[in-house]
Peer 1: 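Let me give you the structure first, and then I'll get to my questions.
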Amino acid sequence: MTKTILVTGGAGFIGSHTAVELLQRDYDVVIADDLSNSSAKAIDVVSSLGGGGNVAFHKVDLTDESLVAELFDEHPIEAVVHFAGLKAVGESVEKPIHYYRTNLISTMNLLSQMANHQVWDFVFSSSATVYGTPEQLPIPETAPTGATNPYGRTKLMIEEICQDLAAADDRWRMSLLRYFNPVGAHASGQLGEDPRGIPNNLVPFVMQVAVGRRDKLQVFGGDWDTHDGSGVRDYIHVVDLAAGHLAALETLSEGCEAYNLGTGNGSSVLDIISTAEQVSGKSIPYDIVERRSGDIATSLADPSKANQELGWRADRNLEAMLTDSWRWQSMNPMGFADSSD
Ligand code: WQD
């Protein structure tokens with residue numbers, strides 16, 4: 001009997017790559033996305049790359065609980081992978097109510113309707129941002145949490161809501177996946193990161209410089225306490241990340257557990273620039289400027305809990321990540337806006 005999985009935010013970067021992996025594993029997938037920060041073209045690509053299972057797409061605002069209920073009325077959903085949400089750190093500082101309303105109400109609607117329909121399996125897209133400024137490196141799941149912006153606080157609040165639900169009813173089986181820095185793209189070059197406007201994140205900005213959409217990169221700080229003075233992060237290939245969601249889904253057990261999805265390896269901004277130049281054959285001009293507010297020197301995952309308990313490990317290295325990012329960007333210089341029709 002094919003299992004049906006609801007993937008919210010499934011037109012987005014990580015959600016679409018996870019939907020492809022689910023389909024290839026012969027799950028049926030229901031994608032719910034409001035397309036506020038993604039393209040419906042991604043759904044067509046997911047369908048073409050997926051193969052195995054069936055795909056249904058609903059353009060839906062998850063802050064409307066009646067619309068959420070309809071998803072469960074219409075499809076035999078057995079588990080939910082929840083990506084949908086606003087995720088720009090800087091924007092969350094400017095518009096906190098918008099972030100709290102969207103991220104929290106949509107999640108509470110989802111969890112309420114899951115319980116109403118006896119659906120108890122939940123995988124949540126959380127973030128390493130819940131750790132705030134880490135006291136120890138690499139960061140274990142037992143590290144203190146303390147978000148430093150409204151976006152991160154919505155992730156932390158949702159984690160705590162999940163913990164409270166699991167404590168109240170032992171039918172809940174929940175995994176909270178704390179991502180480090182997702183990058184890369186599907187090997188076909190047909191699916192990848194397609195941020196609206198000026199990219200907040202490093203790798204899409206670097207790739208837009210490489211493809212000629214932007215003139216120069218600004219490196220936020222060259223005096224961090226790292227091997228070359230630029231910020232260090234734990235970059236993880238989006239397909240490895242997608243596989244982590246399937247591993248979590250297929251090992252769910254009673255209760256609510258948090259897992260770091262990272263590689264445990266750090267790369268600096270200058271490492272990213274030099275590797276991107278190697279894989280693209282393009283020069284990536286940059287200026288080192290002042291630090292970005294809210295940044296930290298180093299973020300690095302201890303992924304051993306996920307390795308051991310989920311039987312999952314990220315195995316694509318930085319060169320593979322940026323090779324796949326470049327293939328996507330060079331094939332689609334304007335992202336999904338680039339594809340014909
Ligand atoms: C990486 C490094 C920057 C852009 C963010 C969110 C986090 C998560 C992942 C959602 C840092 C430097 C960046 C640029 C630069 N998102 N940089 N020039 O900040 O580690 O994490 O994305 O869950 O919540 O905070 O990622 O890609 O923005 O920055 O020098 O134009 O690149 O200073 O050292 P970050 P990032």
Side-chain angles (χ1 to χ4, degrees), residues 9 12-15 37 82-93 99 103 124-134 137 139 145-159 176-184 193 195 197-210 213-238 241 244 258 260-263 265-276 284-301 318 321-322 325:
F13 177 40
I14 304 166
N37 191 28
H82 180 35
F83 295 98
L86 301 172
K87 63 160 193 144
V89 169
E91 184 184 51
S92 79
V93 174
Y99 269 68
N103 290 2
F124 175 56
S125 165
S126 189
S127 167
T129 202
V130 302
Y131 294 117
T133 304
L137 293 169
I139 308 170
T145 54
T148 57
N149 56 74
Y151 159 74
R153 273 188 279 278
T154 66
K155 289 296 187 183
L156 198 46
M157 289 174 183
I158 292 166
E159 287 200 4
L176 313 172
L177 303 184
R178 294 171 177 172
Y179 311 156
F180 281 71
N181 288 64
V183 296
E193 194 167 6
I198 300 172
N200 294 307
N201 295 132
L202 176 67
V203 169
F205 199 109
V206 164
M207 290 300 159
Q208 288 188 14
V209 171
R213 274 179 70 178
R214 306 219 180 260
D215 296 332
K216 184 180 285 193
L217 170 75
Q218 291 190 311
V219 175
F220 298 140
D223 58 351
W224 294 102
D225 180 15
T226 64
H227 64 273
D228 62 16
S230 65
V232 169
R233 295 293 183 273
D234 186 330
Y235 296 95
I236 177 170
H237 196 293
V238 65
L241 196 58
N260 289 335
L261 295 192
T263 67
N265 303 313
S267 302
S268 73
V269 178
L270 298 181
D271 293 333
I272 295 287
I273 292 170
S274 59
T275 306
I284 297 171
Y286 65 89
D287 288 331
I288 295 182
V289 300
E290 67 281 355
R291 297 177 176 185
R292 178 175 63 177
S293 68
D295 266 354
I296 56 178
T298 299
S299 172
L300 208 52
L318 186 66
M321 294 177 212
L322 298 183
S325 288

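Atoms within each ligand, like the ligands themselves, are counted from 1 in listed order. We number each residue from 1, following the sequence as shown. Since we're looking at a predicted model, the values are computed, not measured.
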Peer 1: Does Ser274 use its side chain to pair, donor to acceptor, with the backbone of Asp271 at less than 3.5 Å?
Peer 2: yes
Peer 1: Donor-acceptor pair, distance only, cut-off 3.5 Å: does the side chain of Asp234 make one with the backbone of Ser299?
Peer 2: no
Peer 1: With sequence neighbours excluded, tell me which residues meet ring pair (Phe, Tyr, Trp, His ring centres under 6.0 Å) with Phe83.
Peer 2: His245
Peer 1: Within the distance-only criterion (no hydrogens, no angle test), does the side chain of Asp287 pair as donor or acceptor with the backbone N or O of Val289 below 3.5 angstrom?
Peer 2: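 A pair under 3.5 Å: no.
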Peer 1: Can a donor-acceptor pair be found, under 3.5 Å and without considering hydrogens, that links the side chain of Asn103 to the backbone of Leu86?
Peer 2: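 Indeed, once roles are kept as given, a pair shorter than 3.5 Å links the two residues.
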Peer 1: So if I only count non-hydrogen atoms and take anything under 4.0 Å from ligand 1, which residues does that give, chain by chain?
Peer 2: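 Lining ligand 1 at under 4.0 Å, by heavy atoms, one finds Val89, Ser127, Thr129, Tyr151, Asn181, Asn200, Asn201, Leu202, Leu217, Gln218, Val219, Phe220, Gly231, Arg233, Tyr235, Val269, Arg292, Asp295.
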Peer 1: Kindly say whether Asp223 contributes a backbone atom to a donor-acceptor pair with the side chain of Arg291 at under 3.5 angstrom?
Peer 2: yes
